[in-house]
Amino acid sequence: MKRMLVFGGARSGKSGFAERIAQQWSEPEKRVIYVATASASSDPEMQARIAHHQSQRPSHWTTVEQKLELGAVIEQYSQPDTVVLIDCLTVWLSNCLFAETTEFPEIGIITPPTTFTQQRQALLGALAHAKGDVILVSNEVGMGIVPMGAISRWFVDEAGRLNQAVAAICEQAVWVAAGLPLYLKGQTC
């Protein structure tokens with residue numbers, strides 16, 4: 001059983017890298033469950049991104065769309081004969097943070113929404129006890145300037161904390177930039 005976090009900036013090649021690893025790990029007899037955290041929207045640019053990702057995946061992979069309950073998906077599908085590929089954690093994070101009505105009173109103290117807190121615990125617990133291989137894709141959003149808006153800072157902070165927690169559980173953590181992997185934790189494949 002292997003667990004890998006693949007992270008990097010936007011359009012860094014992290015999804016393609018993660019898909020190649022899933023293909024390697026699945027040969028010759030494992031099936032791949034691709035967990036998509038984004039769902040179709042009325043935004044044409046997002047529709048194009050989703051279509052691009054779909055066209056890159058092998059047709060024999062099973063796709064599961066799940067916006068919130070990643071822990072439950074890992075529990076359901078993670079088996080010794082399966083590779084679970086989750087793409088991506090930062091879209092999932094956004095889904096969780098804004099799943100319920102949260103008031104931002106000029107952003108004094110932000111209390112994480114119940115959905116996010118519960119789903120984060122469920123994800124980390126299921127990942128720690130996964131029975132099969134799991135690959136998680138995430139964005140690194142904290143390398144630029146500190147955002148001006150409090151909501152943006154909250155998202156960047158939570159994304160950084162989530163990436164750290166996932167990396168601590170995974171045996172491998174890979175930074176991807178310009179399509180090139182840099183193994184930060186664990187051995188190369």
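Hydrogens, waters and symmetry mates are skipped; everything else that's a heavy atom, side chains included, is used. Just so we're clear, the structure is a prediction, and the values are computed from it rather than from any experiment.
When hydrophobic clusters are built by joining Ile, Leu, Val, Met, Phe, Trp and Tyr residues whose side-chain heavy atoms come closer than 4.5 Å, directly or via intermediates, Met143 is grouped together with Leu89. Leu5 and Leu180 are members of different hydrophobic clusters when ILVMFWY side chains are connected at heavy-atom separations under 4.5 Å. A continuous path of Ile, Leu, Val, Met, Phe, Trp and Tyr side chains, each step under 4.5 Å between heavy atoms, connects Leu162 with Val35, placing both in one hydrophobic cluster. A continuous path of hydrophobic side-chain contacts links Val64 to Val134 [ILVMFWY only; heavy atoms under 4.5 Å].
Panel note: side chain Gln79, backbone Thr82; no donor-acceptor pair is recorded below 3.5 Å. Put simply, the side chain of Ser26 gets close to the backbone of Gln23: a donor and an acceptor are under 3.5 Å apart. Side-chain atoms of Glu140 come within 3.5 Å of backbone atoms of Gly142 as a donor-acceptor pair (strictly under, hydrogens ignored). Listed for the Ser138 side chain is no donor-acceptor partner under 3.5 Å among the backbone atoms of Phe7.
Taking the side chain as every heavy atom from C-beta outward, Ser94 and Phe155 approach each other to under 4.5 Å. Two residues are said to be in side-chain contact when any heavy atoms from C-beta on lie closer than 4.5 Å; Leu68 and Cys96 meet this criterion. With contacts defined as side-chain heavy-atom distances shorter than 4.5 Å, the pair Leu136/Leu127 qualifies. Side-chain contact between Trp154 and Leu97 is present, with heavy atoms from C-beta onward closer than 4.5 Å. Using a 4.5 Å heavy-atom cutoff, the side chains of Asp87 and Ile135 are not in contact. Residues Phe116 and Leu93 have side chains in contact (heavy-atom distance under 4.5 Å, counting atoms from C-beta outward). Taking 4.5 Å as the limit, some side-chain heavy atom of Ile169 sits within range of a side-chain heavy atom of Arg3. Within the 4.5 Å cutoff, no side-chain heavy atoms of Thr115 are placed close to those of Thr117.
For Ser12 against Gly9, the heavy-atom pair with the smallest separation is OG-O, 2.9 Å. Between Cys170 and Lys185, the shortest heavy-atom distance links the atoms O-NZ, 2.6 Å. Between Val176 and Gly13, the closest heavy-atom pair is CG1-C, 3.7 Å. Residue Tyr183 comes nearest to Gln172 through the heavy atom pair CE2-NE2, 4.1 Å, listed as atom of the first residue, atom of the second, then distance. Closest heavy-atom contact between Ser15 and Val137: OG-CG1, 4.0 Å. In terms of heavy-atom proximity, Leu85 sits nearest to Ala18 at CD1-CB, 3.8 Å.
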**Request:** Any chance you could lay out the side chain to side chain contact (heavy atoms under 4.5 Å, CB included) test for Arg161 and Arg120, step after step, and finish with the verdict?
**Result:** CA-CA 11 Å; Arg161 289 182 189 110; Arg120 184 181 191 275; 4.2 Å; yes
**Asked** side chain to side chain contact (heavy atoms under 4.5 Å, CB included) between Val174 and Leu182: does it pass, once the steps are laid out?
**Response** CA-CA 6 Å; Val174 183; Leu182 175 61; 5.8 Å; no
**side chain to side chain contact (heavy atoms under 4.5 Å, CB included) evaluation trace for Asp133 with Val84** = CA-CA 6 Å; Asp133 300 336; Val84 175; over 6 Å; no
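If you take OG1 on Thr37 and CD on Gln66, they are separated by 9.5 Å, rounding to the nearest 0.5 Å. How far CE of Met1 is from NZ of Lys131: 11.0 Å, rounded to the nearest 0.5 Å. For the atom pair Gln119 CD and Lys67 NZ, the distance stands at 12.5 Å (nearest 0.5 Å). With rounding to the nearest 0.5 angstrom, the OG1 atom of Thr62 is 10.5 Å from the CZ atom of Arg57. Of the inter-residue distances, the one linking Met4 atom CE with Glu171 atom CD reads 10.0 Å to the nearest 0.5 angstrom. The CZ atom of Arg153 lies 8.5 Å from the CG atom of Asp157; values are rounded to the nearest 0.5 Å.
Ring pair Tyr34/Trp61 is parallel by interplanar angle, where below 30° counts as parallel and above 60° as perpendicular.
Within a 6.0 Å radius of NZ in Lys30, more than 12 heavy atoms belonging to other residues, nucleotides or ligands are found.
The side-chain hydrogen bond (donor to acceptor under 3.5 Å, both in side chains) test with Thr90 singles out one residue from Asn139, Asn95, Asn163, and that residue is Asn139.
A cation-pi contact, defined as under 6.0 Å to the ring centre and within 45° of the axis, links Lys2 to Trp25.
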